[in-house]
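Just so you know, residue 1 is the first one in the sequence shown, and it goes up from there. As the structure is a prediction and not an experimental result, all values here were calculated from the model.
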Amino acid sequence: MTELRTTPAQTVGPFFAIGLPWDDGPFVVDEGTPGAFTVAGRVLDGVGDPVPDALVEVWQADPDGRFDHPDDPRGAVSRPGFRGFGRSATDDDGRWSVRTVKPGPLPTPDGRTEAPHLNLSVLCRGVLVRLVTRVYFPDEDNSADPVLESLADAERATLVAAAVDAGYRFDIHLQGERETVFFEL
């Protein structure tokens, strides 16, 4: 009799990334943009193994808190070379990175202010819909951010990047004890 093996926990895939990444995708801003830095990290599965074929998308406001979109009621982005969008495929070790600038704070409909943050989407095998999360900065005052206020301390910590020499590090944990908080849109 043949020995039966356990099937993988992730049953959707493989993830087909053909045509999704592009050469300058990881660059939200042009090289040489004042204040530019790198946000980098790894996408890890539930046991801490790297996810080598994920795709991480970043969209964000500019340093004035405006999105590069005609429907932004606060007016158009006025920073040359700011795209407000980037995309990075992960490598064999699950690493991703984007070059960007720090966004400005954002107003909320109820008159409050959201702390500067990046919005991320994660696409990968085993995931039927994109996962959406945020990256907050440890050197900003995040204390009054309404999204962070709604989370327990341990959950909140999964959304704050770590400062490193070249910018910030933000690992995305898809499952497990350190699972990143993901949002339903």
Side-chain angles (χ1 to χ4, degrees), residues 2-33 36-61 68 81-103 116-138 147-148 151 154-185:
T2 304
E3 182 178 322
L4 299 177
R5 297 174 54 189
T6 305
T7 56
Q10 299 172 341
T11 57
V12 177
F15 173 67
F16 293 104
I18 299 169
L20 294 177
W22 65 91
D23 289 345
D24 66 345
F27 310 121
V28 177
V29 294
D30 294 334
E31 187 170 352
T33 298
F37 56 85
T38 299
V39 177
R42 297 175 73 200
V43 177
L44 303 163
D45 70 11
V47 295
D49 289 338
V51 179
D53 57 356
L55 190 74
V56 178
E57 289 182 342
V58 176
W59 76 99
Q60 66 172 94
D68 190 16
F82 178 81
R83 296 192 306 188
F85 180 80
R87 180 179 284 173
S88 175
T90 57
D91 66 11
D92 289 344
D93 292 321
R95 290 181 298 229
W96 65 276
S97 70
V98 295
R99 180 179 57 224
T100 190
V101 291
K102 194 175 287 186
H117 64 273
L118 307 177
N119 299 295
L120 299 185
S121 286
V122 181
L123 305 162
C124 60
R125 74 173 74 179
V127 176
L128 292 173
V129 296
R130 67 183 174 131
L131 301 173
V132 177
T133 189
R134 288 181 169 190
V135 179
Y136 288 89
F137 300 95
V147 173
L148 291 176
L151 301 172
E155 294 172 326
R156 190 177 309 130
T158 71
L159 300 182
V160 180
V164 295
D165 287 342
Y168 300 91
R169 180 183 174 113
F170 186 77
D171 290 336
I172 300 164
H173 297 266
L174 299 176
Q175 295 174 307
E177 279 184 35
R178 300 172 61 192
E179 181 178 325
T180 301
V181 170
F182 298 105
F183 301 96
E184 183 176 333
L185 296 181

Participant: Given side chains that start at C-beta, do those of Cys124 and Leu55 come closer than 4.5 Å, heavy atoms only?
Facilitator: no
Participant: Taking C-beta and beyond as the side chain, do Lys102 and Tyr168 meet within less than 4.5 Å on heavy atoms?
Facilitator: yes
Participant: Would you check if the side chain of Ser97 reaches a backbone N or O of Val39 as a donor-acceptor pair within less than 3.5 Å?
Facilitator: no
Participant: Mind checking what makes side-chain hydrogen bond (donor to acceptor under 3.5 Å, both in side chains) contact with Arg169, not counting sequence neighbours?
Facilitator: Asp171
Participant: Can you find a pair of side-chain heavy atoms, one from Leu148 and one from Leu159, that are under 4.5 Å apart?
Facilitator: yes
Participant: In Å, rounded to the nearest 0.5 Å, how long is the span from OG1 of Thr158 to CG of Leu151?
Facilitator: 7.5 Å
Participant: Charged N to carboxylate O under 4.0 angstrom, Asp68 versus Arg83?
Facilitator: no
Participant: Are any non-hydrogen side-chain atoms of Val28 and Val101 less than 4.5 angstrom apart?
Facilitator: no
Participant: To the nearest 0.5 Å, what is the distance between CZ (Arg125) and CG (Asp53)?
Facilitator: 4.0 Å
Participant: Starting from the C-alpha separation in whole Å, work towards a yes-or-no answer on side-chain contact (heavy atoms from CB on, under 4.5 Å) for Arg87 and Leu20.
Facilitator: CA-CA 8 Å; Arg87 180 179 284 173; Leu20 294 177; 4.1 Å; yes
Participant: Under a 4.5 Å cut-off applied to non-hydrogen side-chain atoms, are Val51 and Leu174 in contact?
Facilitator: yes
Participant: Side-chain contact, heavy-atom cut-off 4.5 Å: Phe137 with Phe170?
Facilitator: no
Participant: For side-chain contact (heavy atoms from CB on, under 4.5 Å), just list the numbers for Ile172 and Leu44, CA-CA rounded to whole Å, side-chain angles, deciding distance to a tenth of an Å, and then say yes or no.
Facilitator: CA-CA 6 Å; Ile172 300 164; Leu44 303 163; over 6 Å; no
Participant: I'd like to know if the side chain of Gln60 pairs up with that of Thr100 as donor and acceptor (distance under 3.5 Å, no hydrogens or angles considered).
Facilitator: yes
Participant: To the nearest 0.5 Å, tell me how far Phe85 CZ sits from Phe27 CZ.
Facilitator: 14.0 Å
Participant: What distance separates Arg99 CZ from Asp24 CG, expressed to the nearest 0.5 Å?
Facilitator: 9.0 Å
Participant: Between the main-chain N or O of Glu57 and the side-chain N or O of Ser121, is there a donor-acceptor pair closer than 3.5 Å?
Facilitator: no
Participant: Kindly indicate, with the supporting measurements, whether the criterion side-chain contact (heavy atoms from CB on, under 4.5 Å) is fulfilled by Val132 and Phe182.
Facilitator: CA-CA 5 Å; Val132 177; Phe182 298 105; over 6 Å; no
Participant: Is the backbone N or O of Gly94 less than 3.5 Å from a side-chain atom of Asp91, with the two atoms forming a donor-acceptor pair by type?
Facilitator: yes
Participant: Roughly how far, to the nearest 0.5 Å, is the CG atom of Leu120 from the OG1 atom of Thr180?
Facilitator: 9.0 Å
Participant: Are any non-hydrogen side-chain atoms of Phe183 and Arg134 less than 4.5 angstrom apart?
Facilitator: yes
Participant: Tell me if the CG atom of Asp49 is crowded by more than 12 foreign heavy atoms within 6.0 Å.
Facilitator: yes
Participant: I'd like to know if the side chain of Thr90 reaches the main chain of Pro52, judged simply by a donor and an acceptor atom lying under 3.5 Å from each other, with no hydrogens or angles considered.
Facilitator: yes
Participant: Evaluate the side-chain contact (heavy atoms from CB on, under 4.5 Å) criterion for residues Asp30 and Phe82: first the C-alpha distance (whole Å), next the side-chain angles of each, then the deciding distance (0.1 Å), finally the verdict.
Facilitator: CA-CA 7 Å; Asp30 294 334; Phe82 178 81; over 6 Å; no
Participant: Determine the minimum heavy-atom distance between Ala89 and Pro21, stating which atoms define it.
Facilitator: CB-CG, 4.0 Å
